[in-house]
Each structure stands twice: as C-alpha cells, then as structure tokens.
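Note that this is a predicted model, so its numbers are computed, not measured.
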Amino acid sequence: EPQSIITREFIDLSVAPTAEYSRLVNIAPSLSGDSSNGPGLSETKTTLRGFKDGEYNVTFDGIPWGDINGPSHHSTSFFPAAIIGGAVVDRGPGKASDMGYATFGGSINLFSKKASEQQASSVFGTFGTWNTALAGFSYESGRLVDYGDTTVQLNYQHMKSDGYLSSSPVVSNNYTLKIERPVGDSSLLTVFASFNDNIYYSPDVAVRTLAQVALYGKNFLLNNDPKSMNYYLYNKVTKATDFDYVRLQSDLGDGWNTDNKLYTYAYNNVTKSTDVANWDGTGTDPRTTNSLTRTKIAGDIPGYEKLMQYRVVGDIFKATKKLESGVARMGVWIEHSSAHRYIYDLDMTTGLYNRKETPVNAATLAGSDRPIDSVSYDEHSTIQTVEPFVEYEWAVNPDTSVTPGFKYVSINRSANSPVGATTRILNATASKDYKSSLPFLTVNHQINGGMSVYAQYAKGYVIPSLSTFYITDPSHNSTSPQTSTNYQLGLVSKSDAMTWDVDAYRIDFKNKMVSNGLTGPAAAFINIGGATYQGAEAQAAYVLGGGFSVYANGSLNQATANDTGKQIAGAPEMTAALGALYNRDAWSGSLIYKQTGKVRQVAYAAPAAPTTTTLAAADTKYDYYQTPAYGSLDFGAAYVFKNPGAFAKSLKLQLNVFNLLNDQSVTAIAAGKTQPLDTYTYQAPRSIQVSLKADF
C-alpha cells in the first residue's frame, strides 16, 4: 500500500519537541492540518485524502484508539513526540487484519520507541517563542543480562507555554514506561504504560470573528476581563489520560506465531466554557436576549461545565501460519468501552447552577441536588465490539502474491441517559446493532529486483456517531454503518540511492447518515448517497551524497459530495512538500516546505457576502468561501559535541524555526448563527525553539 515512513531521526531534527503526532505525520502526501496556537500547543484535526478526523484510524503499537462518541482523536491528549519511535501513514484501504472503528480512509500508525541494547540516560530541554519551555529526561537500561535480558525504558517531560493565542496558556506532563522481557526461548512479553495530563485555556469552540480580528488581531481568543465571555478563567480545560497494554508474542514452532495485546486506555476531560465565546464585551450584549434559553442573571456570565469520560478495555489476538504456498493470518478484536458525558449549565460569575427558562421544574438530577432544568444532558453509553478476521497471502510464484481477506464487524452501541442530549427527555434509553462484512483483496507483482506494481480492493466502514441517538426514538434510525469501497493502483521502486512511488485511488463513500429533517417521534437518521474520493499521489527521496538528501511529494485530491457535485467542505484540493536534509559528522539540518491547497469552507449566508458564490436551490441555506492555498517553511539545524566533558557522552544543540516565511493565512472558516459571527482560524506565525540534549 502507499505508505510514508516517518523515522525517529526525522522527528528529532525536523519536528518541534513540543509537538504531538499530527505534526509528525503532516509531511506525508494527502495530509493536512496545523495547530493555531503554535506547534503542539493546541489540538489539531488532520485530514487524510479529504477524510476528516474520525473517518480514518489512528493506532499506537497496532492498537486502535479514539473517542467512543465518534472515532475522532485528541492529538495533544495521549502521545507527545518524545515517546513516539516512528510512524507509518498508510493511505491504502487497509488489510483485513487492520483493526479500528474507521477502516474507511486510511490509517496513521504510531509506534513506541525501540529498546536500546546499551544503557543510556538523557536530559533535554527546549525554550522558545511565547515563553514556551519543555524539560524532561529519558532512561534506557540496555539489555539486563542478570534479569533475563529485560529492557526498561522511562520517559518524563513537562511542557508549558503561553501560546500564540491571547490568554491561552498550556501546561502538560507525560510519564511513560516500557518493559520488554523474553519468556522462555520463544516468547517476548512487553508491558507499556503512558500517563498524560493537560491544562489549557480555550473556549469549548475556539473561535474569532472578523470584528474581533480587526479590534484585537489574529491571535485574539481570550482575555483577562471577568465581564467578558472571553475571560480565560471561564474557559478552562483539564484532561487526564492513560494508555496501557500487555503484549505477548510467541513462536510456537511448525510455522505458527501468535501475538496477543490486552490493553486499556482512558480519557477524562472536564471543560468549563462560556456560552457565547465570541462575544468580547462590546456591542450587543447576548445576555439581554432570549437566545440562550436560560434564566437571565443581570450582569453575570452564562456558561456550562462539560464532562467527557470513558474507559476502554480490549484484546487483539492474531495468529500466523507459514505454509509452503504462503502465509495465513487469522484473529479477533474484542473491545468494551463505557462513557459518561454531561453538560451542566452554570452562572460563571458565581459558580452556581443556571436554570432553564420558566416554568421552573422543582425536580433534581437523581443522586444530586442539581436542578433538573440546569442539566442540558447527562448520558451513559457503551460499545461492545467483536471483529474476527482471516487473510491469506498466497505466493502464486516468486514474483507475484495474491492476498484475499475477510473481516466481519459486529458492534452494539447503547445509551442510558437521565437527561437525553438535545431532546432533554428524562430517562432516555437507546440501543443499536451495526453489522458489516468487509472483503479485501490485493495483488502484488515484482517487476524486477527494485520495482513492484500492486492493485487493491477493499470494503471499509465507520461507526455512526453517538449523536444519531439524540432524537425522540432512535429505533427509527438505519442500522447500516457508513461504508466505503476502495480501489487503488500503484507502483513502487527502490534502489540504493532513490525510492519513489506513485498511486491512483478511488473511494466510493455510501450510506451517509443524515437527519431526515423531521422533529418529534418522526425524527430519524437515515442513509443517503455519500461522496466520491479520488486522486493521485507521488513521493520520492534521493540521496545526493556528501550528507545531503532531498525528497518531494504531492497529491491531487478530489472529494465530491454525490448530492451537490461539489468539493466537500474542509477537504484540500492538493498537498505538496519539498525538503532537503543534511547529516554528516557532527552537523545535521533540514529545510522543509509543506503546502496545503485550496479548501472549500462553509459559512452561513445571512446576508450573503460579495465574496461568496450562491449555490443551487438545494444549498440555499449556505454560501461557501474558498480559502486559498497556504504553506509553511520549517528550518532545523543541530550540532553534536562529542565527549564534551566527564559528565556527558555527547551534547546536542539544536535550533528550529517554524513557519519561517511568517505565513498567517486563513486555514478554516466556520459558520456562525449569522454571517458576522462566522469564525476564522489562522496559521500561527513564525516561532523559534532552541533545544539542548545531554546523553550520559
């Protein structure tokens, strides 16, 4: 499949130490997305071939992870760059043995660091723009012969920054442990545990209007005014996560191998946010209108507390059998998750409950003193998943292999809500089963010793969002998951000095889940047409010699809605990257440019603006903006001092400059309730980070 491999060496030199996984993989073709608060300083939603986050899988050491209300991801919440050993961006349809809730548009596969054979310790620190600071240490035990050849890896880092956006500081900590130990002569046991906590200040929806930009600049988000909806202490997010697994890999003999991963991960997000975060204290006061549907408290700020909390437990078992004619793989993925979500309305000024409009309901939420009419929703939900698979890599001849596969998806999602989301129905319950059969086929032919051609076909799916339960009677919903049919052709070549590949793809997205537009008992989410994703991608890397190498990649991506025939909002039309790397003796360096093409953005059309284009009758609710292409040029240079003194084996000094050309283009526009409330996101400006790392 078309893959982009991101190595630890590339991460160390070319990626911000403050970054998380989305920044690491952004260099690959067909990927786009960036942090508006600076590298790694706010969450990033990455698109892959035009598919939004939640329509492709993200895995860590082969374990899929993501939210359970919808399979999207919080990029800053689990895996900082320091603990990632590398990544593989797989833009193909995926094999039958690839697990996840969105085997739909590709996958981003992250891997932990490989254990060192030798003992080593490091301390590291980074300082940069916006009072950014990061400090930490890592430890490698090497192979402990007296303890059964066990290896131990430890990593800790603390990061804080004021961020580019106003009054939006960030603080995070990560603690990671990985232990590997041989068991007997033919098994390897791995134990991994990572804990992360973040505190940052941002409204629940981080936005800024053109009026705010004109008054306060592109970096406006929050302020220090308690009379404003944008007061930073009214907009605080606290997160705690963990990701843990135990893995046993065994060679059973006679061609049999097994790999079992028992895992768990958790996410706990407590957010406090104001209701109208894009009101800066000037102009019409939204607290004097009826738009909030809450009791008005004169002079006070309305808002809410939001909880998103879940725990996931699962097991992935895979068995492999080598035969004379090929390799057979089989296994099963089993997972259970449970979540608690709520929004409770607050008077942010006093911290007290904020009731809904009259008449007042005297009831309270079960087990608490909270007025029931201050509860927007309170919901408990679960997902039960079983996915068996089988595939066979048949060696037709020494140059050709054919790999058919099959995966069966069986998912049950249920919810039990003391107060239902959107409907506010008391004691609402819902349950749905989703089942799908997913075939897979790939053919690979080796043309010569360094070139291969392949063709692929696969069915994919993505689980419907939990929001499809937010109607009076969810039993009216369709039980068919959203599906994709993937076709792909490609050519891969490798020589001592150069690697390159090209591919073309087409993905038919069907059974798009949308509301039927009705209200009350007749409301339902039904399947309609969908979209067509197609395009071409290419990438190449070439070793020039003398320590220099260059690479380039690019993609043309078309993501067309079947009902309108227009490019899907948020899907870039192209991506491109060009880079040069240097690594010789004590010096290393990189210069990398990444461009994201034009993007169609949705914005509310009341009234229409001269810069928009009115669409057909079916689209009269919205006008659309098209943001122009934008790019970022990043520079990195490092020098390693060997044996600088008795205290260290080496000392590395590094300089990174991100967005060297200071491009602050608009990257996204979101619809407001009226066009003046359309909100804009900009690329963060130039920033600098200086890093030191001492190895002992």
Side-chain angles (χ1 to χ4, degrees), residues 5-12 21 24 58-65 78-88 97-99 107-124 136-157 173-196 241-253 255-266 312-320 322 329 331 333-335 649 693 695-696:
I5 300 172
I6 290 91
T7 65
R8 182 66 225 179
E9 291 76 16
F10 175 83
I11 295 170
D12 282 336
Y21 78 85
L24 274 60
V58 180
T59 70
F60 187 85
D61 281 349
I63 298 169
W65 60 277
F78 284 93
F79 308 112
I83 71 168
I84 297 175
V88 175
S97 54
D98 291 335
M99 303 291 102
S107 61
I108 296 173
N109 303 308
L110 312 175
F111 299 93
S112 58
K113 288 183 176 180
K114 291 183 178 180
S116 171
E117 293 289 325
Q118 305 297 323
Q119 182 177 341
S121 300
S122 301
V123 293
F124 49 88
F137 71 86
S138 62
Y139 169 74
E140 294 270 1
S141 69
R143 197 159 298 281
L144 301 174
V145 178
D146 294 337
Y147 296 90
D149 285 341
T150 298
T151 60
V152 179
Q153 298 171 273
L154 295 170
N155 194 90
Y156 166 74
Q157 76 169 40
N173 294 281
N174 176 265
Y175 312 80
T176 297
L177 167 69
K178 183 179 179 181
I179 300 173
E180 290 184 332
R181 179 186 173 92
V183 179
D185 296 328
S186 57
S187 295
L188 178 66
L189 179 68
T190 304
V191 177
F192 180 91
S194 183
F195 302 87
N196 218 67
T241 67
D242 66 79
F243 189 95
D244 324 282
Y245 69 80
V246 177
R247 181 181 188 182
L248 183 64
Q249 299 163 270
S250 299
D251 183 348
L252 304 181
W256 281 100
N257 289 271
T258 60
D259 185 352
N260 193 83
K261 300 169 189 169
L262 177 64
Y263 66 89
T264 182
Y265 64 91
V312 177
V313 179
D315 188 89
I316 300 174
F317 173 78
K318 296 183 179 181
T320 302
K322 293 183 179 179
R329 304 180 186 93
W333 174 38
I334 301 173
E335 187 177 273
K649 296 177 182 177
K693 182 182 179 183
D695 295 329
F696 301 93

Fill in: Pair Tyr156, Asn174: side-chain N/O donor-acceptor within cut-off below 3.5 Å
no

Discussion item. Looking at Gln249 and Asp259, would you say the former's side chain and the latter's main chain have a donor-acceptor pair under 3.5 Å?
Written reply: no

Response to the item:
In this structure, OG of Ser194 is separated from CG of Asn155 (nearest 0.5 Å) by 8.5 Å

Worksheet entry | Over all atoms of both residues, closest heavy-atom pair of Ser121 and Tyr139 | OG-CD1, 3.4 Å

Item to complete: Determine, step by step, whether Val123 and Phe696 satisfy the side-chain contact (heavy atoms from CB on, under 4.5 Å) criterion, reporting the C-alpha distance in whole Å, the side-chain angles of both residues, the deciding distance to 0.1 Å, and the verdict.
Response: CA-CA 9 Å; Val123 293; Phe696 301 93; 3.7 Å; yes

Practice prompt. Establish, from distance only, whether the side-chain atoms of Asp244 and Thr264 form a donor-acceptor pair under 3.5 Å.
Written response: no

Discussion item. Pairing donors with acceptors under 3.5 angstrom, does anything connect the side chains of Tyr175 and Gln157?
Written reply: no

Worksheet item: Is a donor on one side and an acceptor on the other found under 3.5 Å between the side chain of Ser107 and the backbone of Asn109?
Response: no

Response to the item:
Of all heavy-atom pairs linking Tyr245 and Ser112, the shortest is OH-OG, 4.1 Å

Practice prompt. For residues Leu252 and Thr258, determine if any side-chain heavy atom of one lies less than 4.5 Å from a side-chain heavy atom of the other.
Written response: yes

Discussion item. Just so I know, are the side chains of Ile84 and Leu24 near enough to count as touching, which here means a heavy-atom distance under 4.5 Å?
Written reply: yes

Worksheet item: What's the spacing between Ser97 OG and Lys318 NZ if we round to 0.5 Å?
Response: 4.5 Å

Worksheet item: Any idea which heavy atoms bring Tyr21 and Val58 closest together, and the distance?
Response: OH-CG2, 4.1 Å

Result block: side-chain N/O donor-acceptor pairs under 3.5 angstrom for residues 180-187, not counting sequence neighbours:
| from | atom 1 | to | atom 2 | distance (Å) |
| --- | --- | --- | --- | --- |
| Arg181 | NH1 | Tyr147 | O | 2.6 |
| Arg181 | NH1 | Thr150 | OG1 | 3.1 |
| Ser186 | OG | Asp251 | O | 3.3 |
| Ser187 | OG | Ser250 | OG | 2.8 |

Worksheet item: Are any side-chain N or O atoms of Asn260 and backbone N or O atoms of Leu248, one a donor and one an acceptor, separated by less than 3.5 Å?
Response: no

Worksheet item: Which atom pair, heavy atoms only, marks the closest approach of Lys114 to Glu140?
Response: O-OE2, 4.0 Å

Worksheet item: Where the side chain of Lys178 meets the backbone of Val152, is there a donor-acceptor pair that is under 3.5 Å apart?
Response: no

Discussion item. With rounding to the nearest 0.5 angstrom, report the CG to NZ distance, Asp695 to Lys693.
Written reply: 5.0 Å

Worksheet item: Donor-acceptor pair, Lys113 side chain versus Ala82 backbone, under 3.5 Å?
Response: yes

Worksheet item: Is any side-chain heavy atom of Tyr263 closer than 4.5 Å to a side-chain heavy atom of Val313?
Response: no

Discussion item. Just verifying a value: how many Å separate Leu177 CG and Phe195 CZ, rounded to the nearest 0.5 Å?
Written reply: 8.5 Å

Worksheet entry | Thr176 OG1 to Asp242 CG distance, which is reported to the nearest 0.5 Å | 11.0 Å

Discussion item. Given 3.5 Å as the limit, does a donor-acceptor pair link the side chain of Thr59 with the main chain of Pro64, or not?
Written reply: no

Practice prompt. Taking Arg8 for its side chain and Gly86 for its backbone only, find out whether a donor-acceptor pair lies under 3.5 Å.
Written response: no

Fill in: Any side-chain heavy-atom pair of Val246 and Leu189 under 4.5 Å
yes

Fill in: Euclidean distance, Trp256 CH2 relative to Thr320 OG1, rounded to 0.5 Å
8.5 Å

Item to complete: Considering non-hydrogen atoms only, spot the tightest contact between Ile6 and Ile11 and give its length.
Response: CG2-CG1, 3.9 Å

Discussion item. My understanding is that only residues two or more places apart in sequence, or in another chain, count here; which of them pass ring-ring contact (aromatic ring centres under 6.0 Å, His included) with Phe79?
Written reply: Phe60, Trp65, Phe243

